[in-house]
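Counting begins at 1 with the first residue of the sequence. Keep in mind the model is a prediction, meaning the values are calculated, not measured.
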Amino acid sequence: MSEPSREPPAPLSPFARMVGVTVSPGKTFEEIIRSPGWITPFVCFLVMVVVSMGIWGMKADFATIMGDMMDNSPFLKLAPEAQRDEIIKKSLEPFRKQTQTQTALQTVISAGVNQIPFFHGMALVYATLFVLMGALKDLKLGSAWVNFLLCLLIYLAYLGVYMVATIAFSEAPNSAILLSGTASVAMLGGWMWLLNRKAAADTEFHKILSVCCYSTAVLIVWTLVFIAISLATPAPIQTYVDKMVRSNLGALVSTGAPVLQKLLESLDLFTIWWLTTLTLGFRSATRLSMGMTASITFLPWAVVVLIKIAWTAVFG
């Protein structure tokens, strides 16, 4: 007698997949590649970004944080010394005019709208690298870039509305926040609609995009740590977002050498975990060797680190 055929197991739920990516990424990504999807993990990450930035923003001393950032900016050093204090003072006037809630809302909006351009762009960069390696022969790279440029037009329209809201309602921040917030929701909806059309029409691009979005499970862990630190830190918080979670070697070792310090700051626990998770996902999608996949995954990060080091070497 012939054995009864076994039906393939039902796909895991998106939330089970996100948990699986953090505890058993290799096996979970194999399942994701068989049945790709990107919207749920991206929306979950977006919600966590908005919540974490809102909690931090309600306690942050924006005037002090931005003042310190401007004071250390190499561009400010190009201005005449006698004018630097005046430039900083004028730049900080909007923060002093607004309430804490208004500034926090603006921060949340800015953080939220920048996530989808980043992850779409990241998926496109990695897709391009893997196509050049011959690993994704059926991916329609030209239409993927056209799709990204169309999405950028929506983002530019949002920036236009944001600038109009900032200028026209400079004395009415609530109206500016309402207008820019509405525009951000419209932008996200339009971008996600265009991106999902592309993903539905191109299975290989959909796989790469799904790996990028499900890898945010690692970044969600970072947001949970960030929220805990923000809640535990007494107000006013005078530390910028990227310095709140001290999970890099630079936070543990002080060398006194700016270039070496910048390198150590780049060696962050969550960054390495995230890139390693991406490597496992891309390996499942491309079937390349682990070494080849890792070299491609870590390449954009290495380029960014080298740029930061070079910038530090020139400007200090």
Examine [X] and [Y] and state if one hydrophobic cluster contains both, with Ile, Leu, Val, Met, Phe, Trp and Tyr joined whenever side-chain heavy atoms are less than 4.5 Å apart.
| X | Y | result |
| --- | --- | --- |
| L269 | I220 | no |
| M192 | L153 | yes |
| V125 | L194 | yes |
| V304 | W311 | no |
| M122 | L306 | no |

Is [X] reaching over with its side chain to a backbone N or O of [Y], donor-acceptor style, under 3.5 angstrom?
| X | Y | value |
| --- | --- | --- |
| S35 | E31 | no |
| S254 | G250 | no |
| E204 | D138 | yes |
| S215 | C212 | yes |
| S210 | H206 | yes |
| Q100 | G57 | yes |
| S284 | L280 | yes |

Taking the six-membered ring for Trp, are Y158 and Y155 parallel (under 30°), tilted (30 to 60°) or perpendicular (over 60°)?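 Answer is tilted, since the angle falls between 30° and 60°.
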
Taking E30 first and then R287, would you say they form a salt bridge - that is, a charged N and a carboxylate O separated by under 4.0 Å?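 Salt bridge: yes.
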
M48 vs L219, test: side chain to side chain contact (heavy atoms under 4.5 Å, CB included). Steps then yes/no. CA-CA 9 Å; M48 291 304 299; L219 303 180; over 6 Å; no

Between N248 and E265, does a side-chain hydrogen bond (donor to acceptor under 3.5 Å, both in side chains) hold up when you go through it step by step? CA-CA 5 Å; N248 61 76; E265 289 174 1; over 6 Å; no

Heavy atoms of other groups near [X] [atom1], more than 12 under 6.0 Å:
| X | atom1 | value |
| --- | --- | --- |
| M58 | CE | yes |
| M290 | CE | yes |
| K59 | NZ | yes |

Which is it for F298 and T276 under the side chain to side chain contact (heavy atoms under 4.5 Å, CB included) test, yes or no, and what are the steps along the way? CA-CA 9 Å; F298 280 78; T276 302; 4.1 Å; yes

Qualifying residue for ring pair (Phe, Tyr, Trp, His ring centres under 6.0 Å) with F119, from Y126, F45, W191, Y214: F45

Write down the atom of [X], the atom of [Y], and the distance for their closest heavy-atom approach.
| X | Y | answer |
| --- | --- | --- |
| A60 | I65 | CB-CD1, 4.1 Å |
| G181 | S184 | O-OG, 2.6 Å |
| S143 | K198 | OG-NZ, 2.6 Å |
| V21 | T277 | CG1-CG2, 3.5 Å |
| I208 | A123 | CG2-O, 3.6 Å |

Given side chain to side chain contact (heavy atoms under 4.5 Å, CB included), test T293 with F130 step by step and report yes or no. CA-CA 9 Å; T293 307; F130 285 120; 4.3 Å; yes

What distance separates S52 OG from W222 CH2, expressed to the nearest 0.5 Å?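 It comes to 6.5 Å.
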
Roughly how far apart are Q238 CD and T64 OG1, rounded to 0.5 Å? 4.5 Å

Are W145 and T128 close enough, and set up right, to give a side-chain hydrogen bond (donor to acceptor under 3.5 Å, both in side chains), and what steps lead you there? CA-CA 9 Å; W145 276 100; T128 301; 3.2 Å; yes

What do the steps show when you test F169 against I177 for side chain to side chain contact (heavy atoms under 4.5 Å, CB included), and what is the final call? CA-CA 9 Å; F169 299 103; I177 291 170; over 6 Å; no

Under 6.0 Å between ring centres: does that hold for F62 and W56? yes

